[in-house]
Amino acid sequence: HHVLGPAPALKNPGSLFHRDNPDNALEDELLCCENIRKWVMAHLSSARRQEEWGTETGEKDRSRPYTRFVEEEQRLRQEDVFSLQKYSLKERMDRFRAMGPLRFTGRELDHEGKFGYSLSMVDDHGTSKFREGDFLKLVPQGVRDLQSGFSVVLTRYDRSAQTVSVGSRQGPLALNRRLPYSLEEDVTDWNTPKLLHALKTVLTKDGHPFSQALLRKRCLNQDENSPFWIRNWLAEYGAATGLNDRQRQALELPFRLSMGIIDGPPGTGKTHLLGWILIALILHGRACGNPMRIAVSALTHQAIDNALHKVARLLNQFQWKAFPARLIKWGNPEEPPNDENRYQVETCDDPETIFSARELILGATGYGLYRLFDSRNGHFPQYFDWIVLDEASQMLIPQAALTLAYGKGKALFIGDIKQLPPIVLGRNAKENADQTLPEEGAADVQKSILEHLSQNCSLEQRVRLNITYRMNRELCRFPGDVWYDGDLHSAPQIAGSRLVLKGEMGQDAIDRLIDPDRPVTLGILDHERKHQECEPEADVISRIVCRMITHFGIQPDKIAIISPHRAQNNAISARLSVLLDNVDENALPLIDTVERVQGAERDVIIFGFTTSDRDHVMSEFLNNPNRFNVVITRARKKLIVIGSRIFFSSIPNTEKGLQDNACFKQFY
């Protein structure tokens, strides 16, 4: 106390231990403790986060469970990226989280007139998890602080040519041809502040009532004339749309209710249906004389682009004469496509162009909308008549709230909660969100917006599509029974489809696995103690694919090879390339992880579990029914699964593990 010198000073400063001032000891002790407490509170802060404090006003903070979750995810990601600095470049690359060494080879101009920087790889160290469009750091080798490098965006990655190109995010780059560089993950978080801002705007007491109503699963009936309009429209154009009965029910959803959910199992034509929904909403707005502005949003630009281009293709296919709305993708302008189609998707970064459109279908992520409306200033206008969230099963509630903040309370959610869920770093116990949705009870902030809304919603708000145009009858049977309550069926025109082979079938194990008359086959191998790489499986899978290509005449682009781990995919790629006389990597089939193939499809899917290490074989990562559903539903005509006997015979030791593992036992 004497050293720190807080006021008021003690009358007779002494020792609290030696009692050299016994007359006033208690008074001095209490005063001393209080002064030190005040000094500590003014100068120190606690690293421990208090989870259960209420707000000072006593009002329940609706946004707090979600903001706390987003902040924790941000902290975990930053902690994870910073932890990479303790590893060497080779170790970071072995984890697929760096790329190098790279040599600067020169600059080039892109179509926008911006400089791109080309670099070549010194050695081939396999793949990384980086993809074009990723924000990264370009770091001179030997620099200890990886985050001090140049801020760049990966614009091109050609693994076969061992070259990459990057664009600068902070002015010209001063690169040296004699220095080796590496590409590293960027810890900079551009998105979390936007999420937190939107949550505090939307979910506070005086926030957006329509968005809050949506999150509470409340919806209003539409204008009573809307259902009649859509039924009359379907009577006139229904045959041309090619929609089946369940798709027509889904098309009517936004004309009956202000909030609807469309469950789209694999191959059920979600994008085709969405294209017609967007067209019908615009035409209905024109018929009623009302403006109609629709925002189509998703986590990925690919999903948004697919929806917009589907609308353009449908309009061109049916030669629609007077469709009033503009199709715009919000972002940096691109060169227009070199075709003569009447309807095309524009790209635009001029807000005035957007705001001046009376009828509009705008594609943008939530973060793009934040930039469009310059919401840094607290401006979240309820601008769009409809918000459509595609792939909503992968979108967390905070991410959805960022987009819903710009709507008037009418929203359509499309996805499939039986496929991959949102990516969540933290695996803590469920956050208690009683404060957020008191009338609905607790909500799990780690769930997707689609799963949250699907719980306890009324049957009239939800339609599940039930005809798949991808899988033949045998492929469809297992996922239909296990995940879709027996309510998923192959379209009649593809139900009996089979793989067509040019060569003659043999009797060995490889050909029995390939046999087209057995659309689903399982190969069991007796390996053990394998984790992220398994040579026996890589060899068998490579020989199967080589046989398909060289003997049976199946084109590589009809085949996809999937395994849970990048190391195994690298091993398969190297082995298959040798078997095919060292062909270029671009001539190989698609070889990737489960996460990278959701949304893709091939005639043939070959999946290898890889793992047989008893310490990992029942991990949450591998023993995951959603991931398995994604894998086996990519196939159109043939599915081959390869795994160890150990995986299929292992028994999880938790109740959740047993529940998750049931589908694998049933498949076996």
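Keep in mind that what you see is a predicted model, and the values were worked out from it rather than measured.
- Ion pairing between a basic and an acidic side chain is recognised when a charged N comes within 4.0 Å of a carboxylate O; Asp592 and Arg131 show such pairing.
- Shown here is Asp245, whose CG atom has no more than 12 heavy atoms of other residues, nucleotides or ligands within 6.0 Å.
- Taking the ring axis of Tyr484 as reference, the NZ or CZ atom of Arg464 does not stay both within 45° of it and closer than 6.0 Å to the ring centre.
- Summarising the geometry, atom OG belonging to Ser226 is positioned 11.5 Å from atom CD belonging to Glu252; distances are rounded to the nearest 0.5 Å.
- The backbone N or O of Glu352 sits less than 3.5 Å from a side-chain atom of Asp350, completing a donor-acceptor pair.
- Residues Asp374 and His379 form no side-chain contact, since every pair of their non-hydrogen atoms from C-beta on lies 4.5 Å or further apart.
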| query | Going through the distances and angles, do Lys329 and Ile304 end up as a side chain to side chain contact (heavy atoms under 4.5 Å, CB included)? | reply | CA-CA 8 Å; Lys329 172 69 183 298; Ile304 297 170; 3.9 Å; yes
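- Of the possible donor and acceptor atoms, none in the side chain of Thr268 sits under 3.5 Å from a partner among the backbone N and O of Lys270.
- In His272, the NE2 atom is crowded: over 12 heavy atoms of neighbouring residues, nucleotides or ligands sit closer than 6.0 Å.
- Within the 4.5 Å cutoff, side-chain heavy atoms of Leu362 are placed close to those of Leu369.
- Both the sub-6.0 Å distance and the 45° axial angle are not jointly satisfied by Arg286 relative to the ring of Phe323.
- Counting only distance, with no hydrogens or angles, the side chain of Asn244 and the backbone of Arg246 share a donor-acceptor pair below 3.5 Å.
- Considering CD of Gln147 and CG of Leu84, their distance stands at 9.0 Å, rounded to 0.5 Å.
- From Thr271, atom OG1 reaches atom NZ of Lys310 across 7.0 Å, with rounding to the nearest 0.5 Å.
- A donor-acceptor pair under 3.5 Å links the side-chain atoms of Arg634 to the main chain of Ala600, judged by distance alone.
- Distance check, rounded to the nearest 0.5 Å: CZ of Phe413 to CD of Glu391 gives 15.0 Å.
- Looking at heavy atoms from C-beta onward, Tyr367 lies in side-chain contact with Gln399 at the 4.5 angstrom threshold.
- Between Val187 and the choices Glu79, Lys137, Gln78, the side-chain contact (heavy atoms from CB on, under 4.5 Å) rule is met once, by Gln78.
- Put simply, the side chain of Leu420 reaches to within 4.5 Å of the side chain of Gln394, judged on heavy atoms.
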| query | Hey, mind stepping through Leu274 and Asp390 against side chain to side chain contact (heavy atoms under 4.5 Å, CB included) and telling me if it holds? | reply | CA-CA 9 Å; Leu274 175 56; Asp390 197 10; 4.1 Å; yes
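- Between the Glu132 side chain and the Tyr157 main chain, a donor and an acceptor come within less than 3.5 Å of each other.
- With hydrogens and angles ignored, the 3.5 Å screen pairs a side-chain donor or acceptor of Thr155 with a backbone N or O of Ser165.
- For Phe318 and Trp276, the ring centers are positioned less than 6.0 Å apart.
- Taken from CZ in Arg627 to CD in Gln419, the straight-line distance is 12.5 Å, to the nearest 0.5 Å.
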| task | Go through Phe135 and Thr188 one step at a time and tell me if the side chain to side chain contact (heavy atoms under 4.5 Å, CB included) criterion holds. | result | CA-CA 9 Å; Phe135 282 11; Thr188 307; over 6 Å; no
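- Using a 4.0 Å cut-off between a side-chain N of Lys or Arg and a carboxylate O of Asp or Glu, Glu185 and Lys129 qualify as a salt bridge.
- In this structure, Trp320 and Tyr237 have tilted ring planes: the angle between them lies in the 30° to 60° band.
- The backbone N or O of Tyr343 sits less than 3.5 Å from a side-chain atom of Asn316, completing a donor-acceptor pair.
- Arg358 approaches Gly289 most closely through the heavy-atom pair NH2-O, 2.8 Å.
- Proximity of Thr241 to Trp233: side-chain heavy atoms (C-beta onward) are separated by under 4.5 Å at one or more points.
- More than 12 heavy atoms of other residues, nucleotides or ligands shown are found within 6.0 angstrom of CZ on Arg156.
- Looking only at distances, no side-chain donor or acceptor of Tyr66 sits under 3.5 Å from a matching main-chain atom of Ile397.
- Contact check for Lys408 versus Ser258: no side-chain heavy atoms found under the 4.5 Å cut-off.
- Listed for the Asp80 side chain is no donor-acceptor partner under 3.5 Å among the backbone atoms of Leu76.
- With rounding to the nearest 0.5 angstrom, the CG atom of Asp305 is 8.5 Å from the OG1 atom of Thr300.
- Taking both residues in full, the closest heavy atoms of Ala401 and Leu199 are given as CB-CD2, 4.1 Å, listed atom of the first, atom of the second, then distance.
- Within a 6.0 Å sphere centred on CD of Gln302, heavy atoms belonging to other residues, nucleotides or ligands number 12 at most.
- You'll find the side chain of Lys194 stays beyond 4.5 Å of the side chain of Arg376, heavy atoms only.
- With hydrogens and angles left out, the side-chain atoms of Gln461 and Ser458 include a donor and acceptor closer than 3.5 Å.
- A salt bridge links Glu71 with Arg64; the closest basic N to acidic carboxylate O contact falls under 4.0 Å.
- The two residues Asn629 and Pro479 make their nearest non-hydrogen contact at OD1-CB, 4.0 Å.
- With contacts defined as side-chain heavy-atom distances shorter than 4.5 Å, the pair Thr468/Thr633 does not qualify.
- Nearest heavy-atom pair across Pro398 and Leu195 is O-CD2, 3.5 Å.
- Under the 3.5 Å distance criterion, the side-chain polar atoms of Asp385 are matched with a main-chain donor or acceptor of Arg293.
- The nearest pair of heavy atoms linking Thr593 to Ile562 is C-CG2, 4.0 Å.
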| query | Does the pair Phe255 and Leu281 meet the rule for a side chain to side chain contact (heavy atoms under 4.5 Å, CB included), with working shown? | reply | CA-CA 8 Å; Phe255 295 90; Leu281 285 172; 3.8 Å; yes
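- Contact detail for Pro324 and Leu283: the closest heavy-atom pair is CD-CD2, 4.2 Å.
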